[in-house]
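Each chain gets a letter, A, B and so on, in the order its sequence line appears, and its residues count up from 1. What's counted below: heavy atoms across the whole structure, side chains too, no hydrogens, waters or symmetry copies.
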Amino acid sequence: MRPMQLQKLPLLRPFSTTTVKPPPLKSLPATATAVANLVLTTEDPKALSKTLLTSPDFTFSEPLVNQTLKLLWNHGPKALQFFTILDNHLHYAHSLSSFHHAIDISARLRDITTLWILVTRLRSRRLGPTPLTFAIIIERYVLSGKPDKAVEIFLSMHKHGCQQDLNSFNTLLDILCKSKRVEKAHNLFKLLRGKFGADVVSYNVIANGWCLIKRTPKALEVLKEMVERGFNPTLITYNIILKGYFRTGQTKEAWLFFKEMKKRSCEMDVVTYTTLVHGFGVLGEVSKARRLFDEMVGEGVLPNTATYNAMIQVLCKKDSVENAIVLFEEMGRKGYVPNSVTYNLLIRGLCHAGEMDRAMKFVELMKNDGCHPNVQTCNLLIKYYCEVGEIEKGLEVFDLMGSWRCLPNKDTYNILISSTFVRKKPEDLVAAGRLLIEMVDRGFLPTKFTFNRVMNGLLVTGNQAFAREILQLQSKRGLLPRHFRL
DNA sequence: GGAACGAGGA
């Protein structure tokens, strides 16, 4: 097996020859790539600083800086170095959005010192912090398993010069709910609703939270309570409940609820129908899904891309890819624009049917259609190639990711690493070790399980030296979950 | 890249 190497950033390849998009900002991605490569390849900080601050080749602007930071997303420390150097530029001052990128990156690296330095600087520049700044910080804290700390930060926002209001309160509740900490969100809601004057949105957020963790009865309680307190549920509220029923597999209740909505002449929208099509379909009631899909226009509701995607998924899962492709073609004829979700669904469907070659043809079609393959496209291709034992092909896709401008994520590495355990070849495990190192290097934290698995694999196949190296990495970086601190 | 609902995930 060939050695794994760090992926290079996408090189200059601004436009595919098959698309005919006029490029108004075409120099921008190119310049961002050049800046990112410069940052990555210049070892000496002083030299980098000098080039960035004095070179006439670069005219920094907010979009250029943001693009560069995005390209450096997998190289957090380098990204922050770039941000800090540029902060001393004589003719360029960072904007709020660039600060937000930098804050997000430092939070992701769990570098709280830098994080709060940036917030303080934002304040001294009178650019912020804004509610969005705190939404970013709070979300990162919640994602790293510190919801209490996140709440504490919310409650201390005003000390940083940003007053809490109903919007930011609802955002906090939503972040907690989306990370499945619904109980905590609900308690906080009950505690502080008086203070912030909770509204329909607050109730919707909490009801949706309960539905997300499949506790639809609790969502119904919230609905009942909001009515008792004089708030009128909206269509969004009803759509939330409807989806809740499908999440718990209660198709009967969903249907009754829908009929009740109709009876009360509630205005349905495209979200309602998309929920129904998807809900019935994935639960096996394909013909009912199809009927709703066909009849919605008669009810005065036009489908959109999401609706088509729902129907396509249903056909892929419960009918056949071929029929899904028929619908996809019909969709194009009717003028609906497929997006990357559409393509990913069809590609997955083809992979699942064992048609890897046709799946790759759809990837080409996707690109020609101006839809870039994204991480999910790559991950699913890699997964299926590895599953059928073509690890080399999976690695090929991995290597192609750079030229497709998509960055590998934690899942990409996990898929590839797990696949190396199938054949039990010593060289596969060495590859796993390299991937693990690269993964850590890019700021993705492997689980203890992954570490141990790779290490055991190396020990069993006689790679003692490499195993020791991995162990050192593990302890040096303090990467065991119990050492995590944000 | 932002207050709430629908369509790709081990």
*Could you check which of B/dG6, B/dC5, B/dG8 has an atom nearest any side-chain atom of A/K243?*
B/dG6
*Quick one: label A/D199 by what it contacts on the DNA or RNA (base, sugar-phosphate, nothing), any heavy atom closer than 4.0 Å.*
base
*May I ask you to say what A/K317 touches in the nucleic acid, namely base, sugar-phosphate or nothing, with a heavy-atom cut-off under 4.0 Å?*
nothing
*Choosing from B/dA3, B/dG1, B/dG6, which nucleotide comes nearest the side chain of A/H101?*
B/dG1
*Verify the neighbour count for atom CD of A/E267: are there more than 12 heavy atoms of other residues, nucleotides or ligands below 6.0 Å?*
no
*Closest to the A/K383 side chain: B/dA7, B/dA10, B/dG1?*
B/dA10
*Mind checking side-chain contact (heavy atoms from CB on, under 4.5 Å) for A/R229 and listing every partner two or more places apart, or none if nothing turns up?*
A/R193, A/Y203, A/E225, A/F231
*So, is A/H278 near the phosphate of B/dG8, with a side-chain N or O under 4.0 Å from OP1 or OP2?*
yes
*Check every atom of B/dG9, B/dA7, B/dA4 against the side chain of A/V201 and return the nucleotide holding the closest atom.*
B/dA4
*Selected nucleotide, minimal atom distance to A/N239 side chain, candidates B/dG1, B/dC5, B/dA4*: B/dC5
*Counting side-chain heavy atoms from C-beta on, which of B/dG8, B/dA4, B/dA3 comes nearest to A/N208?*
B/dA4
*Just compare B/dA3, B/dG6, B/dG8 and give me whichever is closest to any side-chain atom of A/T274.*
B/dG6
_How long is the straight-line distance from CD1 of A/I206 back to SG of A/C211, given to the nearest 0.5 Å?_
11.5 Å
*Look at the side chain of A/R348 and decide which nucleotide, out of B/dG9, B/dA4, B/dA3, has an atom nearest to it.*
B/dG9
*Of the listed nucleotides B/dA3, B/dG1, B/dA4, the one nearest the side chain of A/N170*: B/dA3
*Any idea which of B/dG8, B/dA4, B/dG1 is nearest the A/D104 side chain?*
B/dG1
*Determine whether any donor atom in the side chain of A/N304 lies under 3.5 Å from an acceptor atom in the base of B/dG6, or the reverse, and answer yes or no.*
yes
*State whether the number of non-hydrogen atoms from other residues, nucleotides or ligands found under 6.0 Å of A/H160 atom NE2 is greater than 12.*
yes
*asked:* So, OP1 or OP2 of B/dG1: does either fall under 4.0 Å of a side-chain N or O from A/K70?
replied: yes
*With sequence neighbours excluded, what pairs up with A/V326 under the side-chain contact (heavy atoms from CB on, under 4.5 Å) test?*
none
